[in-house]
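Values reported hereafter were calculated over all heavy atoms of this structure, with side chains retained and with hydrogens, waters and symmetry mates removed. Predicted model, so just to flag it, every value in this text is computed and none were measured.
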Amino acid sequence: MNDSANELITKIIDSKSYRDVFSDLSDWKKSSKTILFSIHPDRCNLPFASQATEKLLSYISELENGKKIDDDCGIITIYYDNKITIEGDCKVLQRSLDGYNLLLSFKNDHFSKYLPKKMYFENDKLCIILNDYSVPLSLCPDLPQEHLNWILNRMLEFTTWLNSIGISHNGINPGSIFVVPETHGIICISFYHMTDVNNRLRTLSGRFSNFYPDDIFTEKIAKDYIDIECSKRTAIWLSGDKSGIGTTMKNKLHKEWLNYVLRFHDCHRFDSYAEYKTMLANNFEKKFYPLYL
């Protein structure tokens, strides 16, 4: 690397992730040694050398060990090479794999982009391979209106497709959905709550139980509006209101968008999604807004 020590320190201090530091992740081990040699406070007396070294060491640890997230299904570990592993109850993880394979069997090229590239078991861990660099919504910062618009649009499109083939996901939340910053896509990695529409529910997300309509806990039947409501609550959560209720965001979010997400939709799934797309077309410019994560 030809960057000077001062430039490297500034780059690391200003970075949001290791991807801002390493231009070639396939060579990160060699690059990290070179950078450490240049900026380590034992050799470098520049301001902020210690802080940059500490931050770089945290990136190295994440690259070596992955980023861990505690989820209802177990411990999710995210690696730099678009690989995810989940450790948990094997029966629960098997249900997720079965659900994934069921969706693959429909052979829908358009909606396959919402699914992982591969899922398989390895040493009692569920391994998930993604096509592109992706970030779980649970690790995203609070997002502005322009990003909430398209993320919710993707979730509604995905779940509307599921409902059209008679399936209710029942677990759309910040832990089950990853966002692909480069393409503005989303990927669902969890399928263990999934069941046929109008069948009895087996499980719901305990961590995000407040995302579900109240009647679900008494009737315990998979309704197609579960996914609509959970998608909307997830979007509200991403706006900064971690309750998913949205009442604290009235001055931050567009009025018509907020009216849509706060209103209960028990109408036909296609009508609800069509209403959302019409609302976007009437109130927002159709434009690609880069997302840097």
Are the side chain of [X] and the backbone of [Y] linked by a donor-acceptor contact shorter than 3.5 Å?
X	Y	answer
Tyr18	Trp28	no
Asn108	Phe111	yes
Thr278	Tyr276	no
Asn170	Asp227	no
Ser96	Val92	no
Lys220	Thr203	no
Glu7	Ser4	yes

Considering only residues two or more places apart or on different chains, which pairs with a residue in [range] satisfy salt bridge (Lys or Arg N to Asp or Glu O under 4.0 Å)?
range	value
residues 183-210	Asp70-Arg207
residues 145-174	none
residues 163-177	none
residues 19-29	none

Does Leu162 reach the side chain of Ser168, with side-chain heavy atoms less than 4.5 Å apart?
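A side-chain contact is absent here, since even the closest heavy-atom pair is not under 4.5 Å.
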Evaluate the side-chain proximity of Thr234 to Met155: yes if any heavy-atom separation is below 4.5 Å, no if none is.
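They are in side-chain contact.
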Crowding at [atom1], [X] (>12 non-hydrogen neighbours, <6.0 Å):
X	atom1	value
Phe48	CZ	no
Lys67	NZ	no
Asp42	CG	yes
Phe121	CZ	yes
Glu182	CD	no
Asp214	CG	no
Lys30	NZ	no

Can you label the angle between the Tyr260 ring and the His265 ring as parallel, tilted or perpendicular, going by 30° and 60°?
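Plane angle between 30° and 60°, so tilted.
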Give the ring-plane orientation class for Phe284 versus His254, where under 30° counts as parallel, over 60° as perpendicular and anything between as tilted.
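Phe284 and His254: tilted rings.
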Using the test side chain to side chain donor-acceptor pair (under 3.5 Å), find all partners of [X] that sit at least two apart in sequence or belong to another chain.
X	answer
Asn131	none
Lys68	Thr77
Asn149	Gln145, Trp257

Nonpolar side-chain network containing Tyr120, other nodes, edges under 4.5 Å:
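Hydrophobic cluster check, Tyr120: joined to Ile129.
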Can you pull the side-chain hydrogen bond (donor to acceptor under 3.5 Å, both in side chains) pairs that have at least one residue in residues 47-59, sequence neighbours excluded?
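Residue pairs passing side-chain hydrogen bond (donor to acceptor under 3.5 Å, both in side chains), neighbours aside: Ser15-Tyr59.
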Could you name each residue pair satisfying side-chain hydrogen bond (donor to acceptor under 3.5 Å, both in side chains) that touches residues 282-293, not counting sequence neighbours?
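Not a single pair qualifies under side-chain hydrogen bond (donor to acceptor under 3.5 Å, both in side chains).
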Can you list the residues that meet the ring pair (Phe, Tyr, Trp, His ring centres under 6.0 Å) rule with His40, with sequence neighbours excluded?
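By the ring pair (Phe, Tyr, Trp, His ring centres under 6.0 Å) rule, His40 matches no residue at all.
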My understanding is that only residues two or more places apart in sequence, or in another chain, count here; which of them pass ring pair (Phe, Tyr, Trp, His ring centres under 6.0 Å) with Phe158?
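For Phe158 the ring pair (Phe, Tyr, Trp, His ring centres under 6.0 Å) partners, ignoring immediate neighbours, are Tyr114.
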Is NZ or CZ of Lys33 both nearer than 6.0 Å to the six-membered ring centre of Phe37 and within 45° of the ring axis?
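Relative to the ring axis of Phe37, which defines the angle, Lys33 lies outside at least one limit.
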Decide, yes or no, whether a salt bridge links Lys125 with Glu122 under the criterion of side-chain N to carboxylate O below 4.0 Å.
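Not counted as a salt bridge, because no side-chain N and carboxylate O are separated by less than 4.0 Å.
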Is the distance between the ring centroids of Tyr225 and Phe264 under 6.0 Å?
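Ring centroids of Tyr225 and Phe264 are less than 6.0 Å from each other.
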